[in-house]
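Here is the structure we will look at.
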Amino acid sequence: MSELAVTGLTVRFAGLTALDGVEFTVAPGSVHAIIGPNGAGKSTCFNVLSGVYRATEGSVRFGGAELTALRPDKIAALGVARTFQNIALSRNLTVEDNLMLGRHRLTRAGFVAAGLRLPHARREDARHRARVRDIARFVGVGDYLAAPVAGLSYGVQKRIELARALALEPSLLLLDEPVAGMNGAERVRMAEVIRRARADLGVSILLVEHDMGMVMRLADQVTVLNFGKRIASGPPDEVQRDPAVIRAYLGGAHTETGSGTGAPTETGTGPRAGTEEEKA
Ligand SMILES: Nc1ncnc2c1ncn2[C@@H]1O[C@H](COP(=O)(O)OP(=O)(O)OP(=O)(O)O)[C@@H](O)[C@H]1O
């Protein structure tokens, strides 16, 4: 299992510095959350880690590789999978086919062998389908394998998105707002799946999430960004009490638009970090 080490990460877009010398480490098998007000640089950070954006400066090391030099498919091939804030599934395909697509990098038989249904390609296909069924059951969508994604509820689709990332057999999972737009019961369920992905599969998880209840409950370590800079890091309960963090969330410079956003404090001035149960 590898550690993810981010050092001096800087991203500039024309005149704007979206990330400014950001540093953090995700220990193997841990859950690390990145939080911060809107526009703090969280998505930019995810996009660099998954190869979608290029870093202007700095380094992202994982398993001996420098990720800033690699394209998204090469990063995925190193065992880094991500989910997206907006669901990125093929809506007209079945759940099973979406998960098989997520597994694409692990399949050896080429298109021709698979198309001709040669014996070795058939055996490989059966092996992958069996694993996909296991993963679907793991995230609680086993009953929907044959169903097209389009007709399924939003909460179920978010779990399929997670299953698709797990189908890659990742050692590091990047989760971009996994409970955004979910109701309370769906949030509780997703939190449990994420907890088990770490506990049972040993996957390291980097989480961007506005729901502070989720962050406080799931994360071992939290990094707080504001205007592209790291302003705090540490265990959730420490970070929650950090005056710089409270100021960043209460400062009027940002507009909160997402559900469950607000100060990760219990001061009563900003929305309190409620648990998922409280919100259910
Ligand atoms: N492709 C881009 N081109 C120009 N500016 C960008 C680009 N992507 C992000 N930015 C800017 O970089 C800054 C950081 O944005 P980013 O989306 O990373 O913040 P965030 O913390 O994810 O915010 P949110 O919580 O609203 O998703 C913002 O000022 C944003 O407008």
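Just so we're clear, the structure is a prediction, and the values are computed from it rather than from any experiment.
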Spatial distance of atom CD (Q157) from atom CZ (R164) [nearest 0.5 Å]: 11.5 Å

R54 atom CZ, over 12 foreign heavy atoms within 6.0 Å: yes

Residue pair R198 / V203, side-chain heavy-atom distance below 4.5 Å: no

Considering all heavy atoms, the nearest A165-A81 contact: O-CB, 3.4 Å

Side chain R61, main chain G64, donor-acceptor under 3.5 Å: yes

Backbone N/O of A5 and side chain of T25: donor-acceptor pair under 3.5 Å: no

For the student: nearest non-hydrogen atoms of P236 and A219, plus distance: CG-O, 3.2 Å

Sidechain-backbone polar pair: K42 side chain, P37 backbone, donor-acceptor under 3.5 Å: yes

Joint cluster assignment, V132 & L152, ILVMFWY side-chain distance < 4.5 Å: yes

Within 6.0 Å of CG in D200, more than 12 heavy atoms from elsewhere: yes

Interatomic distance, I194 atom CD1 to L173 atom CG [nearest 0.5 angstrom]: 8.0 Å

Minimum heavy-atom distance between L168 and V80, given as atom pair plus value: CD2-O, 4.1 Å

Spacing of T223 atom OG1 and I231 atom CD1 [to the nearest 0.5 Å]: 11.0 Å

Hphob cluster co-occupancy, L99 + F84, side-chain heavy atoms under 4.5 angstrom: no

Contact summary for M214 and R187, nearest pair of heavy atoms: SD-O, 4.2 Å

Derivation of the side chain to side chain contact (heavy atoms under 4.5 Å, CB included) call for K229 and T17: CA-CA 9 Å; K229 285 195 162 70; T17 304; over 6 Å; no

Flag for S50-R82: side-chain donor and acceptor within less than 3.5 Å: yes

Where E209 and P178 come nearest, the two heavy atoms and their spacing: OE1-CD, 3.0 Å

F62, CZ atom: more than 12 neighbouring heavy atoms under 6.0 Å: yes

Contact check, side chains of S90 and V149, non-hydrogen atoms, under 4.5 Å: no

Polar side-chain atom of D220 near backbone of V31 as donor-acceptor pair, under 3.5 Å: yes

Atom pair CZ/CG of F24 and L4 - distance to nearest 0.5 Å: 6.0 Å

E186 and R159 ion-paired at < 4.0 Å: no

Intermediate values then yes/no, side chain to side chain contact (heavy atoms under 4.5 Å, CB included), V48 and V6: CA-CA 10 Å; V48 172; V6 174; over 6 Å; no

pair L207-I34: side-chain heavy atoms closer than 4.5 Å: no

Heavy-atom side-chain proximity of V222 to V245 below 4.5 angstrom: no

4.5 Å side-chain heavy-atom contact, L174 and L172: yes

Side chain to side chain contact (heavy atoms under 4.5 Å, CB included) assessment of E192 paired with R189: CA-CA 5 Å; E192 178 56 18; R189 191 138 192 210; 5.8 Å; no

Heavy-atom pair with the smallest gap, counting every atom of F13 and A18: CE1-CB, 3.5 Å

Side-chain H-bond candidate by donor/acceptor type, S233 with Q221, under 3.5 Å: no

Ion pair check, R129 and E96, cut-off under 4.0 Å: yes

Under-4.0 Å salt bridge between K158 and E161: no

Contact check, side chains of L225 and L19, non-hydrogen atoms, under 4.5 Å: yes

Test item: E3 side-chain N/O and P28 main-chain N/O as donor-acceptor pair under 3.5 Å: no

Salt-bridge contact R103-E169 (side-chain N to carboxylate O under 4.0 Å): yes

Atom pair OH (Y144) and CD1 (I160), whose distance is rounded to the nearest 0.5 Å: 8.5 Å

Distance in Å, L101 CG paired with L89 CG, rounded so as to fall on 0.5 Å steps: 10.0 Å

Intermediate values then yes/no, side chain to side chain contact (heavy atoms under 4.5 Å, CB included), L206 and L49: CA-CA 10 Å; L206 184 67; L49 265 45; 3.2 Å; yes

Side chain to side chain, D176 and S43, heavy atoms closer than 4.5 Å: yes

Within-4.5 Å side-chain heavy-atom neighbours: D125 and M100: yes

